[in-house]
Amino acid sequence: MERGTEWGAPSSHGAGQGAAEQAAVPGRIPLAVVVVDRAGLVSHWSRGARRLFGTPREDAVGRPAVDLLPVFGALPDDEIAPSGAYAAYEGVGPDLESSLDGRLSYPAAGRARLRVPERDRIDVLWWAYPLVGPGPERLLVLAADADALHPDGQGAEGIAVERIAPGFALHTDFPGAEELARQLPEILPSMSVGEGARIVSQVLELGYPVLEFSQNDRVPVTPDWGVPRRAERTARRERAARAAASGDSVPPDVQDEGEDLEYVAVRERLEFLNEVSGRIGTSLDLAQTIIEVSKAVVPRFTDVAGTYLREQVVAGEGFPDGVPDTTTMWHRVAVEHTDEPGRWDDVVPVGEAMPFPAHTPFFQCMTSGQPVLVPRISEQMGHAIAAQFEKRDIRPLINNRSMLVVPLKARNVVLGFMILLRHPERAEFNDMDRVTGAELAARAGLVLDNARMYTYQESVAETLQDSMLPHIAPRMAGCDIATRYLPGTLLGRVGGDWFDSVKLPGSRTALVVGDVMGHGLNSAAMMGQLRTAVQTMAALDLPPAQLLRNLDDLAQRLGDTYLATCLYAVYDPIMSELEIANAGHIPPVLVRAEDGRSDLLDLPTGAPIGVGGVPFESVRVPVAPGDRLVMCTDGLVEVRGEDIGVGLATLCESAAHPAASMDDACDTIIRALNVRGGRKDDVALLMARLVGIAPEDVALWRLALDPVEVGRARAAVREQLHEWGLNSLADHAELMVGELVTNAVRHARSRRVELRLVRGETLLCEVDDEDHTLPSLRSAGPADEFGRGLRVVSTLAREWGASRTSAGKTVWFELTLPRR
């Protein structure tokens, strides 16, 4: 065999005391290595395999494995020595042919006689590891020559031997794991490093090969999981029965062996449970936790694991109330198995929800909260279970298999259950498995409940955050808008970042981004108050600097616990101008459409909201149609331990990157800045493409305070709509303009009344006057002379409103443009 392929493992227990108790002695024996691909053909045949089996590598690779190893099997009874080395191992385990044919999906081990050229028959110890994953390898077979141990009871190096034991041991106490990981690639030279590493990881996961030379110690594998020793157990029971019948005491060897085997079994179960506990709950993601729980038990404990959770748990609706009944819906959230890929997918797809009748073991488990063991699923039970699956025959998947149903509980409430099935060839679940399964389910239930609680709280937080963030229309007058919000990755899903847009008189739009310092519900509540205040003050058409001044005063009245930064910009698409004021926020980026250049706007920084007593300044910035304004919070550009200038430079660069749409442009920025890692803060991003409104799409008239002007206004509107090709809107527009101009002329306190029509995404009509009193809807009776004007506008307009301005008020309405 190749260099470095002699593997051995020390015995699992220490020696007894006294000269009569010989210590267990570790030994080494050469191994043959054979790899079988998914077609059943040999893909690797080591030099050790050539020496052991007598077939050269060139004659072995590419041939069916069952042809090369045709007579592997358990030793026949007439070839087993009545005592000594072979006496206790007449039934050493599943036939290797089952592994070669792909019928076994869990590790197997055994001892067999093999006929080989020029050597007649040899006594062989073998281990088979089923391999899964993307590679072509299906099975790893290890074999050793047991004839190296002399029949006189003296093994290699004169070691006194009582038996030879092939087996699998849990890898938790494996002192040679690093050696195995280092040497396996050397004995599989045809494989890449990645393929070898994958096989090593699976071998270590399934167990490592043990060859023990010992007079006293047992192989550390329980009969049900590893190498069945039914004949050995039978012999012990017979000796114990004979002793009891004759009145003699139970032989010491029977007592010792039983106690030793029981100890080993309990130890292995504990090791298995501890290992599973370490593998599940690595995250608080409910879906990931479900996958971890399923993979932890397959194939070590079972061959199939189906996980079901109550509907409320899956929906994140909190802790489920009441005891489950026949109407309770259970969602199948995971199915892990060792069968061929796709065999279970169509019959029992993940995501399906169903109730379970009272006569099923599943209902018994979910209502009692106790495990239910079915040693073998009979034809009758299989038919009863299959009756729940409409037009799908599940019986071939479950009949004659051993089944264990374990509840997933938390705080004495059943959250779900797991259905565990073993292949017919595998040992049935027993009472010890029931106890192990119950403990496994208890640990898994606790982990799932933690994930469920986190998911529920996260859902509540996300709902709260979504309720506080506005749903901004993608198009406003003269600009297109796209936004993104990313919750903090480490500090919870609720934060104080926000963005907003507010429709202003004169076809203008207010664009806002703010950030309350801190995290959690208190910051989110403060953010909600400030955002509402900004919307209210924006509707008053306050200049940006004055709005921030008022917001700072409000924060002072609310208390000095929190500070916030805010960037407030007003875009005038008719004047092609931005007016911006800053309260301690990072500056925005302006991307010029003409040459694609992007720059941080040079603004007076200002102090954060809540500091108090600090003046704010506004800056006017000329823009051109197609320019893009990018506003964000510092969570996007700031990384701990890194200068914020690096993030701002990346922001400028990514903002200038060409994109097919506004959404694509936002995603480009997020990707460019998020890949750097280390982000802990939440992020708010608002991008506005400043489309502008062309002069030919705006019509303006100044009207005198004379009732005659009402007729003139109506005629001017009809003529302008005809010029724009909007004759279908003329009747309604003319009627509503008449009502608004009439009110303005009647109630204006000066000589200024302006009528404006703007053709954009909608037809906007605005009437300005210098009266600060806002109009309101009234209920007009049949005899009332006034009060019907706004009722007409409210009925005919797509949208209407009124807002105060610095000079008075604006009353407006919109009509939907006809489809072109």
Side-chain angles (χ1 to χ4, degrees), residues 102-106 130 132-134 202 205 276 279-281 283 285-311 313-315 324 328-357 360-363 365-366 371-374 377 381-382 384-408 414-426 429 433 437 440-441 443-445 447-448 451-452:
R103 288 175 290 169
L104 291 185
S105 55
Y106 51 89
V132 297
Q202 291 191 44
E205 177 65 26
V276 169
R279 293 178 56 187
I280 64 178
S283 74
D285 180 78
L286 183 60
Q288 178 64 28
T289 300
I290 292 169
I291 293 174
E292 290 175 350
V293 171
S294 300
K295 289 184 177 297
V297 297
V298 177
R300 290 284 296 280
F301 187 68
T302 185
D303 299 304
V304 181
T307 306
Y308 291 75
L309 294 180
R310 292 178 71 167
E311 189 173 30
V313 177
V314 176
T328 302
M329 298 298 292
W330 300 88
H331 287 252
R332 189 181 305 110
V333 294
V335 176
E336 186 74 18
H337 61 87
T338 59
D339 290 342
E340 59 269 20
R343 186 181 182 194
W344 289 77
D345 297 349
D346 295 334
V347 181
V348 285
V350 172
E352 184 179 33
M354 62 172 59
F356 286 94
T360 62
F362 318 121
F363 185 85
C365 173
M366 71 179 76
V372 177
L373 173 61
V374 180
I377 298 177
M381 178 177 287
I385 295 175
Q388 301 167 233
F389 296 82
E390 299 179 358
K391 299 179 181 180
R392 290 172 287 169
D393 190 2
I394 196 176
R395 288 175 295 179
L397 295 176
I398 63 174
N399 281 4
N400 202 33
R401 294 197 180 194
S402 183
M403 180 171 69
L404 180 63
V405 186
V406 293
L408 300 171
V414 176
L415 303 177
F417 58 90
M418 293 185 71
I419 303 174
L420 309 177
L421 298 170
R422 282 183 177 174
H423 288 302
E425 299 90 352
R426 195 168 182 178
F429 288 113
D433 292 320
L440 168 68
R443 301 186 187 193
V447 172
L448 284 172
R452 179 200 61 81

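Just so we're clear, the structure is a prediction, and the values are computed from it rather than from any experiment.
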Which heavy atom in [X] sits nearest to a heavy atom in [Y], and how many Å separate them?
| X | Y | result |
| --- | --- | --- |
| Met403 | Pro361 | CE-CG, 3.6 Å |
| Pro299 | Thr338 | CB-CG2, 3.7 Å |
| Thr360 | Pro357 | OG1-O, 2.8 Å |
| Ala305 | Ser294 | CB-O, 4.4 Å |
| Val335 | Val348 | CG2-O, 3.9 Å |
| Asp303 | Val298 | O-CG1, 3.9 Å |

Nearest 0.5 Å, please: how far is [atom2] in [Y] from [atom1] in [X]?
| X | Y | atom1 | atom2 | value |
| --- | --- | --- | --- | --- |
| Leu373 | Asp433 | CG | CG | 8.0 Å |
| Ile394 | Trp344 | CD1 | CH2 | 5.5 Å |
| Leu415 | Arg310 | CG | CZ | 8.0 Å |
| Ile385 | Leu397 | CD1 | CG | 11.5 Å |

With the side chain counted from C-beta on, respond yes when [X] and [Y] share a heavy-atom pair under 4.5 Å apart, and no when they do not.
| X | Y | answer |
| --- | --- | --- |
| Ile377 | Leu421 | yes |
| Val304 | Ile419 | no |
| Glu311 | Thr328 | no |
| Leu404 | Val372 | no |
| Val350 | Glu352 | no |

Worksheet item: Within 45° of the six-membered ring axis of Phe429 and under 6.0 Å from that ring's centre, is NZ or CZ of Arg401 located there?
Response: no
Discussion item. Set out, in order, the CA-CA distance, both residues' side-chain angles and the distance that settles side chain to side chain contact (heavy atoms under 4.5 Å, CB included) for Met418 and Val293, then state yes or no.
Written reply: CA-CA 10 Å; Met418 293 185 71; Val293 171; 3.6 Å; yes
With no hydrogens and no angle check, is any side-chain donor or acceptor of [X] less than 3.5 Å from a backbone partner on [Y]?
| X | Y | answer |
| --- | --- | --- |
| His337 | Asp339 | yes |
| Thr302 | Val297 | no |
| Arg332 | Pro349 | yes |
| Arg422 | Phe301 | yes |

Discussion item. For Trp330 and Phe417, I'd like to know if the aromatic rings sit close, meaning centre-to-centre distance below 6.0 Å.
Written reply: yes
Worksheet item: Is the Tyr308-Phe362 ring centre distance short of 6.0 angstrom?
Response: no
